[in-house]
A.B. asks: 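Dropping a structure here in structure tokens format, bear with me for questions.
Naming: A, B, ... by sequence-line order, numbering from 1 per chain. Heavy atoms only: backbone and side chains are in, while hydrogens, waters and symmetry mates are out. Everything numeric here is computed off the predicted structure, so don't read it as measured data.
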Protein chains: 2
Amino acid sequence: MNDDGVADGLRERTRRAVRAELSALALAMFAERGFDQTTVDEIARAGGLTKRSFFRYFPAKEDVVFGGVDVLGEQVVEEIRARPAGEDPWQCLHQVLRRWEERIHGSERELAAHRLIESTPSLRARRHEKREQWRTRVSAALQDRAGATLDTFTADLLTNAASAALDTVSREWLRSGGTADRAALTDRAFALLRPAVLGT
Amino acid sequence: MNDDGVADGLRERTRRAVRAELSALALAMFAERGFDQTTVDEIARAGGLTKRSFFRYFPAKEDVVFGGVDVLGEQVVEEIRARPAGEDPWQCLHQVLRRWEERIHGSERELAAHRLIESTPSLRARRHEKREQWRTRVSAALQDRAGATLDTFTADLLTNAASAALDTVSREWLRSGGTADRAALTDRAFALLRPAVLGT
DNA sequence: GAGCATATGACACCAGGTGTCATCTCTGAC
DNA sequence: GTCAGAGATGACACCTGGTGTCATATGCTC
């Protein structure tokens with residue numbers, strides 16, 4: 001057993017391999033025939049297993065798309081807690097999320113995934129749902145941060161706004177065909193929305 | 001025939017009555033047993049019709065909740081187009097959405113609906129999906145507005161941020177048990193997120 | 001009252017998702 | 001090396017949201 005991260009046993013390795021293969025397979029099929037026009041059963045069969053087993057790898061059909069595409073992660077929450085005490089909450093969000101954006105390498109796979117997500121309502125809904133979960137935790141982290149006196153409303157507002165910024169960046173990045181600099185766009189978005197006066 | 005608004009014929013009246021009754025019924029059942037624990041068939045049967053007919057009144061199970069709860073409307077788009085030419089886009093969004101918030105009367109029904117939405121992932125997802133559709137149109141309206149020179153990225157960013165503000169207000173309003181002043185909260189949110197410099 | 005649109009029920013069907021059980025395979029302890 | 005237990009799989013049944021179709025009934029209009 002090992003904690004959360006990368007595992008070693010052959011079992012874990014094959015499991016990850018199957019996941020990746022299934023994910024790639026599904027993405028290809030989605031790109032060709034559309035998300036809704038491709039059934040789970042078809043994906044599973046194409047990957048050499050049954051529908052039932054597919055759902056043992058992914059909790060839902062939508063999740064096969066969010067393989068490498070981090071919606072937001074534990075790491076973000078931790079990094080926020082680790083930020084310097086006196087720092088402006090918005091600045092804090094900006095820096096942490098900027099680093100997170102920088103980690104997204106614009107591989108062809110990633111681009112296809114984003115394209116698919118952006119053009120499929122149920123996928124966008126799923127992303128939003130996932131991000132909402134993280135956002136709640138980020139909001140709490142922002143409040144818990146050393147030296148922060150932030151009411152819940154403001155904390156929620158800031159994290160919601162940050163999430164909106166990420167959405168906008170993602171959309172613009174897609175519009176550019178994956179060539180735009182996500183970090184730069186992030187800077188622009190965060191600069192524009194920078195709260196006038198904090199610490200009311 | 002009449003345009004969009006209130007119709008007169010007995011048919012239209014009964015249709016609206018059934019819709020309202022179904023909506024109230026469903027809301028009560030959801031409140032008691034939870035959204036996922038209540039099937040469409042049960043709601044339909046309780047309302048004296050079949051599952052098939054339920055879906056002739058509502059395109060999806062989620063939609064029975066968004067009866068009086070406007071997610072955003074055509075009116076908002078029009079009002080934006082009607083705003084004074086020189087006005088700051090953010091100011092424009094603020095004013096229009098503030099008026100929209102003021103129209104929300106905090107009835108018990110409304111409160112219950114919001115409570116349900118806020119606590120049910122699939123409903124939040126649906127709301128987001130609906131709002132996204134309007135947001136796109138609002139974004140376009142903002143760009144088309146007389147005297148506006150707004151690039152797509154900024155327009156999207158502003159409408160996304162405005163949507164985030166509405167979400168936050170809604171959540172805070174719910175936290176207060178429906179007693180908070182939505183218009184005032186809206187003012188606070190829009191004041192905090194006011195873009196530093198517009199018209200790059 | 002004839003003729004038409006609309007609403008409904010009944011029924012079949014599809015797809016996403018889950019529970020269950022028998023079987024097989026890999027892993028770790030002895 | 002063997003053996004027991006954990007994990008993965010397939011098969012199957014089942015639930016639920018959602019749609020297509022058709023026959024029938026109920027209004028609405030002239």
A.B. asks: Could you go through the side chain to side chain contact (heavy atoms under 4.5 Å, CB included) check for A:Gln143 and A:Thr149 one step at a time?
C.D. replies: CA-CA 7 Å; A:Gln143 283 189 289; A:Thr149 47; over 6 Å; no

A.B. asks: Output the rounded distance in Å from NZ (B:Lys61) to C1' (C:dA15).
C.D. replies: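 From B:Lys61 NZ to C:dA15 C1': 17 Å.
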
A.B. asks: Quick one: what's the B/S/- string for nucleotides 25-30 of chain D, heavy-atom cutoff under 4.0 Å, read 5' to 3'?
C.D. replies: -BBS--

A.B. asks: Below 30° counts as parallel, above 60° as perpendicular, anything between as tilted: where do the rings of B:Trp90 and B:Phe190 land?
C.D. replies: tilted

A.B. asks: Check if the side chain of A:Arg56 and the base of D:dG7 share a donor-acceptor pair of N or O atoms closer than 3.5 Å.
C.D. replies: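 Such a pair does not exist between side chain and base.
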
A.B. asks: Rounded to the Å, how far apart are A:Glu21 CD and D:dA8 P?
C.D. replies: 17 Å

A.B. asks: With heavy atoms under 4.0 Å as the rule, sort B:Tyr57 into base, sugar-phosphate or nothing.
C.D. replies: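 Sugar-phosphate only.
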
A.B. asks: Side chains of B:Val76 and B:Trp134: does their closest heavy-atom pair fall under 4.5 Å?
C.D. replies: no

A.B. asks: Take the protein atom CZ of A:Arg19 and the nucleotide atom P of D:dA8, then report the distance between them rounded to whole Å.
C.D. replies: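 A:Arg19 atom CZ is separated from D:dA8 atom P by 12 Å.
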
A.B. asks: Within the distance-only criterion (no hydrogens, no angle test), does the side chain of B:Ser176 pair as donor or acceptor with the backbone N or O of B:Trp173 below 3.5 angstrom?
C.D. replies: yes

A.B. asks: I need the CG-C1' distance between B:Leu123 and D:dG17, as an integer number of Å.
C.D. replies: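 Going from B:Leu123 (CG) to D:dG17 (C1'), I get 14 Å.
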
A.B. asks: Out of C:dG9, C:dG17, D:dG10, which has the shortest distance to the side chain of A:Ser53?
C.D. replies: D:dG10

A.B. asks: Please give, in whole Å, the distance from C:dA10 P to B:Phe55 CZ?
C.D. replies: 17 Å

A.B. asks: Examine distances only and state if a side-chain atom of A:Arg83 and a backbone atom of A:Arg145 form a donor-acceptor pair shorter than 3.5 Å.
C.D. replies: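 Checked: no pair found.
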
A.B. asks: For A:Ile117, is there any backbone N or O sitting under 3.5 Å from a side-chain donor or acceptor partner on A:Thr120?
C.D. replies: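 Pair absent, no side-chain N/O of A:Thr120 close to backbone of A:Ile117.
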
A.B. asks: The test is side-chain hydrogen bond (donor to acceptor under 3.5 Å, both in side chains); show your working for A:Thr159 and A:Arg135 and say whether it passes.
C.D. replies: CA-CA 6 Å; A:Thr159 53; A:Arg135 199 197 56 74; 2.7 Å; yes

A.B. asks: Quick check against the 3.5 Å criterion: does A:Thr38 have a side-chain atom that pairs as donor or acceptor with the backbone of A:Gly34?
C.D. replies: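 Yes, A:Thr38 side chain to A:Gly34 backbone: donor-acceptor pair under 3.5 Å.
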
A.B. asks: Checking B:Arg19 now: which residues fulfil side-chain hydrogen bond (donor to acceptor under 3.5 Å, both in side chains) with it, not counting sequence neighbours?
C.D. replies: none

A.B. asks: Atom CZ of A:Arg13 to atom P of D:dA8: distance rounded to whole Å?
C.D. replies: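 Rounded to the whole Å, the gap is 15 Å.
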
A.B. asks: Rounded to the Å, how far apart are B:Arg15 CZ and C:dA5 P?
C.D. replies: 18 Å

A.B. asks: Please give me every residue in residues 38-52 of chain A whose heavy atoms get under 4.0 Å of an atom in DNA chain C, ordered by residue number.
C.D. replies: A:Thr38, A:Thr39, A:Val40, A:Lys51, A:Arg52

A.B. asks: D:dT16 P sits how many Å from B:Gln37 CD, rounded?
C.D. replies: 11 Å

A.B. asks: Look at the side chain of B:Ala60 and decide which nucleotide, out of C:dG9, D:dG18, C:dG16, has an atom nearest to it.
C.D. replies: D:dG18

